[in-house]
Number of protein chains: 2
Amino acid sequence: MKDLLHPDLTFRLNGRLWIEGPTDRFMGIGRLELLEKIHRLGSISRAAQEMQMSYKRAWELVSSMNQQARQPLVSTQTGGKRGGGALVTPEGQQLLHEFEELQARFQTFLAAETARLLE
Amino acid sequence: MKDLLHPDLTFRLNGRLWIEGPTDRFMGIGRLELLEKIHRLGSISRAAQEMQMSYKRAWELVSSMNQQARQPLVSTQTGGKRGGGALVTPEGQQLLHEFEELQARFQTFLAAETARLLE
DNA sequence: AGTCGTTATATTTCTTCAAACATAACGCTT
DNA sequence: AAGCGTTATGTTTGAAGAAATATAACGACT
């Protein structure tokens, strides 16, 4: 493979994984990152701004995930101390872990295939 | 994982792989399919119409691949018998095979992870 | 009561990307 | 010489998605 590629350019193998439902995506690398930030920051809006994402988009992603889960992955509160907030439920945390581990196995796969193809 | 998902919906794990250069994508599932059709049909335009893709887009993909390869993967001829045509060079055919095999290994990976996650 | 930061949601604007359209050149075939 | 199907390329149009803007509700805190 490597002998087919232009010698002046550098190439890399890349990829994405996601879980899709009948209508919407359910989980992917972006949603995973969003969940992680909500968990860490306790707020959808702060997670959104840390991802350079509009609050609206972040909220829509959370809504989509919650609707497709058996029980909410993120629970929210309007008003109150600090104006409200959001937290990742135990179910959400479990999903977070499992999908993170899947991502790690995928990275291993990518590394092995990269070695096979490009080195 | 399965116990986290809404019981009325069906989910599946999916993914994509590609090889990227510094500026453009070099190879992906769409480009692979295009190469295969050009090889089979001997024409960019016929390959494009079989993929429901505009000729222009197909041509741009071919051009991008050729520019990033050491030697052309598709060679073309304007005019002549049948008005011209295109063929996949030996280098292109080698790429075709290798990337197809990579895709097959990826499908195996996906199947294994699906069993792990969703069954 | 008023302020604050957040969730929640609708509407509008912008941008980006794909599709559509148009045109020329090429070389065999008739 | 004229026609055909193809490659090759520029220009215009359209559609989808993202971003921006706006507004309301909520509940603690001052």
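Numbers restart at 1 for each chain; the letters A, B, ... are given by sequence-line order, proteins then strands.
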Touch class at under 4.0 angstrom, heavy-atom based, for S54(B) against every strand present:
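The residue S54(B) makes no contact with any strand.
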From the options [options], select the nucleotide whose nearest atom is closest to the side chain of [X].
X      : options                  : answer
Y55(B) : dA8(C), dA19(D), dA8(D)  : dA8(D)
I44(B) : dT7(D), dT11(D), dA19(D) : dT7(D)
S45(A) : dT6(D), dT6(C), dA19(D)  : dT6(C)
R57(B) : dT7(C), dA18(C), dA20(D) : dA18(C)
R46(A) : dT6(C), dT11(D), dT6(D)  : dT6(C)
S43(A) : dT9(C), dA19(D), dT7(C)  : dT7(C)

request  = Tell me yes or no: between the side chains of E98(B) and Q94(B), is some donor less than 3.5 Å from an acceptor?
outcome  =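 A donor-acceptor contact under 3.5 Å links the two side chains.
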> For S64(B) and R31(B), does a side-chain donor sit closer than 3.5 Å to a side-chain acceptor?
Replying inline: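 The answer is yes; a qualifying pair exists.
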For a quick test of reading the model, state the closest non-hydrogen atom pair linking [X] to [Y] and the distance between them.
X       : Y       : result
R70(A)  : D3(B)   : NE-O, 3.1 Å
L110(A) : G15(A)  : CD1-N, 4.1 Å
R12(A)  : L118(A) : CA-CD1, 3.9 Å

Q) At under 4.0 Å, does any side-chain N or O of W59(A) touch on OP1 or OP2 of dT7(C)? A)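 No, because none of the side-chain N or O atoms of W59(A) sits under 4.0 Å from OP1 or OP2 of dT7(C).
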Whole angstroms only, please: what is the [atom1]-[atom2] distance between [X] and [N]?
X      : N       : atom1 : atom2 : answer
Q49(B) : dA19(C) : CD    : P     : 15 Å
I38(A) : dT6(C)  : CD1   : P     : 13 Å
K56(A) : dT23(D) : NZ    : P     : 15 Å
E60(A) : dT7(C)  : CD    : P     : 14 Å
L41(A) : dG5(C)  : CG    : P     : 16 Å

By nearest nucleotide on DNA chain D, pick out whichever of V62(B) and Q52(A) is the more 5' one.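 On the 5' side of the pair lies V62(B).
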Item to complete: Check whether any side-chain N or O of T78(B) sits under 3.5 Å from a backbone N or O of G84(B) as a donor-acceptor pair, and report yes or no.
Response: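 Not at all, since once roles are kept as given, no pair shorter than 3.5 Å links the two residues.
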Find every protein N or O atom lying less than 3.5 Å from an N or O atom of nucleotides 24-30 of chain C, and list the pairs.
| residue | atom | partner | partner atom | Å |
| --- | --- | --- | --- | --- |
| dC26(C) | O2 | G79(B) | N | 3.0 |
| dG27(C) | O4' | G80(B) | N | 3.0 |
| dG27(C) | N3 | G80(B) | N | 3.4 |
| dC28(C) | O4' | K81(B) | N | 3.4 |

Q.
Does E20(B) form a salt bridge (charged side-chain N to carboxylate O under 4.0 Å, His left out) with R25(B)? I'd like the steps, not just the answer.
A. CA-CA 4 Å; E20(B) 58 193 25; R25(B) 177 165 301 194; 6.0 Å; no
